[in-house]
There are 4 protein chains.
Amino acid sequence: MGNLVGHAAPGSFFLLFAIWWTIRYSVRWASRMGGRKSSSTVCCKNAPLVCRFLSRVPVEGLCKIIFALAGLLCEQIAAHWTLIDPITGQFHLLGNWQHTTMYLFFALNGFCDVLIALKAPVPSGIDHLSMSLALAVEGMLFFYHLHGRADLDVRLHKLLLLAVAPSVFVSSLEAWSPETLLLPMIRTAFTLLQGTWFWQVGFILYPPFPGHEWDQDSHENMMFVSMAFCWHILGILLFMSVVYTVVYHIYQAKEKQLGTDLELGPLSSHMLQTHSDSDLD
Amino acid sequence: MGNLVGHAAPGSFFLLFAIWWTIRYSVRWASRMGGRKSSSTVCCKNAPLVCRFLSRVPVEGLCKIIFALAGLLCEQIAAHWTLIDPITGQFHLLGNWQHTTMYLFFALNGFCDVLIALKAPVPSGIDHLSMSLALAVEGMLFFYHLHGRADLDVRLHKLLLLAVAPSVFVSSLEAWSPETLLLPMIRTAFTLLQGTWFWQVGFILYPPFPGHEWDQDSHENMMFVSMAFCWHILGILLFMSVVYTVVYHIYQAKEKQLGTDLELGPLSSHMLQTHSDSDLD
Amino acid sequence: MGNLVGHAAPGSFFLLFAIWWTIRYSVRWASRMGGRKSSSTVCCKNAPLVCRFLSRVPVEGLCKIIFALAGLLCEQIAAHWTLIDPITGQFHLLGNWQHTTMYLFFALNGFCDVLIALKAPVPSGIDHLSMSLALAVEGMLFFYHLHGRADLDVRLHKLLLLAVAPSVFVSSLEAWSPETLLLPMIRTAFTLLQGTWFWQVGFILYPPFPGHEWDQDSHENMMFVSMAFCWHILGILLFMSVVYTVVYHIYQAKEKQLGTDLELGPLSSHMLQTHSDSDLD
Amino acid sequence: MGNLVGHAAPGSFFLLFAIWWTIRYSVRWASRMGGRKSSSTVCCKNAPLVCRFLSRVPVEGLCKIIFALAGLLCEQIAAHWTLIDPITGQFHLLGNWQHTTMYLFFALNGFCDVLIALKAPVPSGIDHLSMSLALAVEGMLFFYHLHGRADLDVRLHKLLLLAVAPSVFVSSLEAWSPETLLLPMIRTAFTLLQGTWFWQVGFILYPPFPGHEWDQDSHENMMFVSMAFCWHILGILLFMSVVYTVVYHIYQAKEKQLGTDLELGPLSSHMLQTHSDSDLD
């Protein structure tokens with residue numbers, strides 16, 4: 001919807017997922033750096049109930065479906081489920097229908113995630129390909145959305161496309177080399193960028209505080225937003241580094257503790273549990 | 001030809017092939033999911049005559065040649081085999097000649113398919129490369145076709161190019177990794193999209209029922225068609241999933257039956273044929 | 001130079017090389033199809049002197065250098081080696097200088113070929129990369145050449161770019177996978193296309209026979225030339241298939257004869273030479 | 001900054017790094033050509049102090065950080081650290097802020113280099129990816145910089161983008177295949193090109209000697225600069241070949257000397273040092 005909430009809502013969805021991914025891939029990377037293949041033992045020891053739940057229920061896919069359907073419903077309630085106005089015979093609120101279409105593809109991606117997580121006999125890689133498709137549809141609709149808008153509006157959405165396009169490319173690459181850790185991390189960074197940029201676009205086009213309207217045809221403003229886009233990138237890299245560093249140090253601490261346990265043998269590990277925990281604190 | 005039939009005919013050709021491919025690759029995928037390399041045993045048991053015919057005669061390539069020559073003939077009968085009008089000295093019905101050129105390249109692709117199927121000593125990969133070339137020529141001619149048309153017409157054909165371009169790319173990739181199952185499935189999806197979109201373009205530009213003409217310069221209509229393109233994608237994915245699910249379940253049922261036969265030994269399998277068939281029905 | 005010869009000369013250079021490559025790669029492909037790795041024995045037996053010369057002297061690279069320098073000299077003799085007109089202080093015949101620049105890069109490519117052929121301690125792959133660079137420079141200068149020309153002229157040169165761009169891409173790929181046979185064959189096809197299209201452009205822009213001038217702003221003519229480009233592709237594929245078929249059959253005949261010799265043992269092969277030769281004739 | 005120094009400074013930074021890389025990768029290539037994996041023994045024998053320093057302290061990364069911060073400081077001192085003019089409420093010297101942003105990303109790249117060099121537990125490949133990102137940000141800001149400038153200015157910066165874009169691509173490829181020697185050499189060539197082209201742009205737009213101003217709307221000048229760009233490429237290739245040849249011959253001479261030493265055994269190598277050195281001179 002053409003207001004602040006219509007931009008903040010998808011932005012928040014992207015941010016939520018990307019923050020979750022940042023933590024998840026940081027854990028995976030930290031575990032590889034530490035020489036172990038699986039991080040499951042470290043995780044499951046401390047939070048067995050949450051872990052078991054997460055590993056059996058495809059939370060990520062279900063969240064995608066729920067969020068996408070929620071967004072879809074909001075758009076359609078505003079559009080009264082009407083594509084063609086019965087009185088004028090014209091198309092009715094096409095913008096909302098376009099957003100509905102985007103949400104549908106993300107719901108489809110969630111559905112594929114669930115199928116893969118449940119180990120359904122579906123072709124491997126369809127989770128990444130459906131993600132790539134959802135992003136491509138989003139980018140395509142945004143691209144054809146811009147016809148006849150103000151200069152600043154067009155620039156803001158083109159910059160959004162600069163965040164979407166590499167995600168499309170990286171997601172489809174992931175379908176071919178699912179083991180690479182760099183690819184999901186790059187995808188995460190671009191998803192964070194999409195999230196923060198959606199908020200930025202909302203704030204610039206629909207300023208919530210009166211008196212701060214942006215001149216949409218100013219050359220200076222256009223120069224500024226492309227620079228602001230780069231600052232978002234910088235901020236995101238900073239955020240991801242901090243998360244990775246914290247996760248790495250937590251992981252190393254757990255690892256050391258585990259190592260001590262293993263040296264003492266499996267029998268004594270249970271007994272020494274309290275001791276090594278107090279060492280860490 | 002610039003009428004509904006001229007768009008419906010190639011659309012139908014693309015649809016026919018893509019539906020056949022959907023079934024064929026679904027069978028191949030189902031057989032890989034089930035742990036077997038070749039689906040030939042399952043297939044050949046039930047329909048030995050059709051199977052032997054299909055495996056020896058390069059049906060796909062021959063169909064391509066026949067369809068392409070049929071399309072070519074229709075275009076040329078309408079153009080009276082005349083490239084330069086002898087009276088005015090001007091080019092005569094260049095559109096038909098362009099379509100003729102496209103059909104020729106698809107005929108060439110069919111010819112390469114036949115050569116490969118007959119195990120002629122030709123370089124491997126020329127079937128995929130000639131497909132890629134035929135699609136590239138189609139895209140190129142469509143792209144240079146659009147000069148000086150109405151906005152909606154241009155948009156409709158550009159969306160068609162969005163379906164052609166990935167097919168070109170995927171087909172040439174197939175020449176390098178012919179074993180991947182994801183690539184032919186993606187090509188199939190984009191070919192289905194081309195087929196349905198050809199029909200859509202025909203219906204929008206040459207409406208068969210009077211009173212439903214589209215305003216070719218309306219901004220709303222242009223916004224709608226890019227959304228309709230995404231709906232086509234959704235419908236195609238739904239269709240492919242349904243076909244794949246049905247094929248997978250048929251395959252599993254056959255597999256189970258075969259498994260029972262194999263456990264009982266080759267001697268008893270013939271005897272129990274009727275029994276296990278009745279189990280399935 | 002902006003005349004028929006200025007287009008026919010580079011076109012002929014491209015054609016000459018591409019025809020040579022067609023034969024050379026056909027021989028290599030025929031030998032791989034026949035199960036042997038090297039075609040040298042078959043070749044050298046019949047024409048030992050030519051073969052030894054060809055395998056020691058880097059003919060291809062030297063020809064490139066000679067042709068490029070010849071082209072360069074012609075362009076510079078026409079431009080009187082003058083970049084800045086001493087009287088007006090303006091640039092003098094920049095078109096000729098641009099062509100000179102292109103020729104220089106092809107001479108550089110020839111020089112790299114010579115270095116590789118002489119097994120100089122240079123990094124492998126620089127022959128393919130310098131080819132790619134020469135083509136990229138050619139394409140780039142052509143692209144920036146078109147500023148402010150007639151529609152038909154621009155279209156003709158853009159189509160030339162459509163032949164150059166894939167060559168650039170394929171040549172740089174060859175630096176990474178030099179063993180693939182499909183890549184040089186594709187490069188050969190696009191080089192043939194460049195050669196014939198250079199002639200076509202020359203004939204359209206500078207018609208040698210009076211009374212056949214082309215209207216450079218006609219929409220029909222622009223539609224025709226993009227179709228003619230596709231016909232060139234068809235013709236080239238036909239030419240390459242004929243050459244490949246002829247080479248393959250000659251090769252098979254030689255192979256069979258050699259096979260007979262080998263079965264009879266090396267001692268008798270010399271004795272039976274005349275006999276098996278007469279069988280072939 | 002919009003003057004000669006503002007273009008010469010980054011140009012010099014790029015040149016400095018690229019010249020250093022030319023030497024470094026030439027040594028690596030020469031050592032591979034000579035059949036040895038590491039060039040360290042040859043280097044360290046003659047200059048042990050410098051070598052040990054270079055191998056322990058991440059000089060390259062630190063230099064990047066220092067240069068980038070120096071550039072950043074100069075830009076900000078000129079802009080008085082002011083983004084929004086407090087009096088007019090307008091953005092203040094956005095060009096300087098854009099350059100600051102570029103320098104920041106190169107500083108980040110230097111920081112990643114230092115982390116990798118210090119063997120910090122960071123994901124491998126982030127040095128190449130951050131380089132790619134810094135170049136992409138540079139290219140993006142330049143691209144959106146050009147809005148509403150003179151034709152020649154736009155052309156000059158677009159040619160700069162032609163040098164930046166392949167560097168972005170090659171740098172990100174390096175993250176995946178860090179062992180290839182061709183990729184860093186190509187990156188080096190494009191960095192040299194950026195360096196010399198920055199100087200060229202500075203000299204054309206802000207001629208240091210009066211009376212040599214360039215007409216910024218002249219068609220001839222635009223034709224010339226795209227040719228001049230190709231001449232820069234030629235010059236750079238010449239420079240790199242000369243450096244490589246010199247390095248290769250020095251390396252071969254050392255190698256031969258070492259070989260003699262090894263044949264005589266490690267005991268006599270020290271004794272014969274003076275003798276073999278005099279052989280070389």
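Below, read A as the first sequence line, B as the second, and so on, with proteins coming before strands; counting in each chain starts at 1.
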* Asked: Minimum heavy-atom separation for C:Pro121 to D:Tyr244, with atom names?
  -> O-OH, 2.7 Å
* To do: Describe, in one word, how the ring planes of D:Trp231 and C:Trp97 are oriented to each other, choosing from parallel (under 30°), tilted (30 to 60°) and perpendicular (over 60°).
  => perpendicular
* To do: With a 4.5 Å cut-off on heavy-atom pairs, point out which of C:Phe143, C:Phe105, C:Trp176 contacts chain D the most.
  => C:Phe105
* Asked: Is a side-chain N or O of C:Gln98 found less than 3.5 angstrom from the main chain of D:Ser226, in a donor-acceptor match?
  -> no
* What residue among C:Val137, C:Leu133, C:Thr101, C:Leu104 forms side-chain contact (heavy atoms from CB on, under 4.5 Å) with D:Leu234? -> C:Leu104
* Asked: Should we say atom CZ of C:Phe111 is surrounded by more than 12 heavy atoms from elsewhere, each under 6.0 Å from it?
  -> no
* Structure fact -> Between the CG atom in D:Leu182 and the CG atom in C:Leu129, the distance rounded to the nearest 0.5 Å is 5.0 Å
* Hey, could you give me the CD1/CE distance between C:Ile126 and D:Met185, rounded to the nearest 0.5 Å? => 10.0 Å
* To do: Give the intermediate values and the outcome of side-chain contact (heavy atoms from CB on, under 4.5 Å) for residues D:Phe224 and C:Leu83.
  => CA-CA 10 Å; D:Phe224 175 71; C:Leu83 177 60; 4.0 Å; yes
* With a cut-off of 6.0 Å (strictly less than), are more than 12 heavy atoms of other residues, nucleotides or ligands near CZ of C:Phe169? -> no
* **Atom pair OG (D:Ser241) and CG (C:Leu108), whose distance is rounded to the nearest 0.5 Å** => 7.5 Å
* Contacting region of D:Leu181 [heavy-atom separation from chain C under 4.5 Å] -> neither
* Residue D:Thr245 versus chain C: region with a heavy atom under 4.5 Å -> neither
* Asked: Is chain D contacted by the side chain of C:Thr100, its backbone, both, or neither, given a heavy-atom distance below 4.5 Å?
  -> neither
* Segment of C:Met102 engaging chain D (4.5 angstrom heavy-atom cut-off) -> neither
* **side-chain contact (heavy atoms from CB on, under 4.5 Å) partner of C:Phe91, the single match among D:Glu220, D:Met223, D:Met227** => D:Glu220
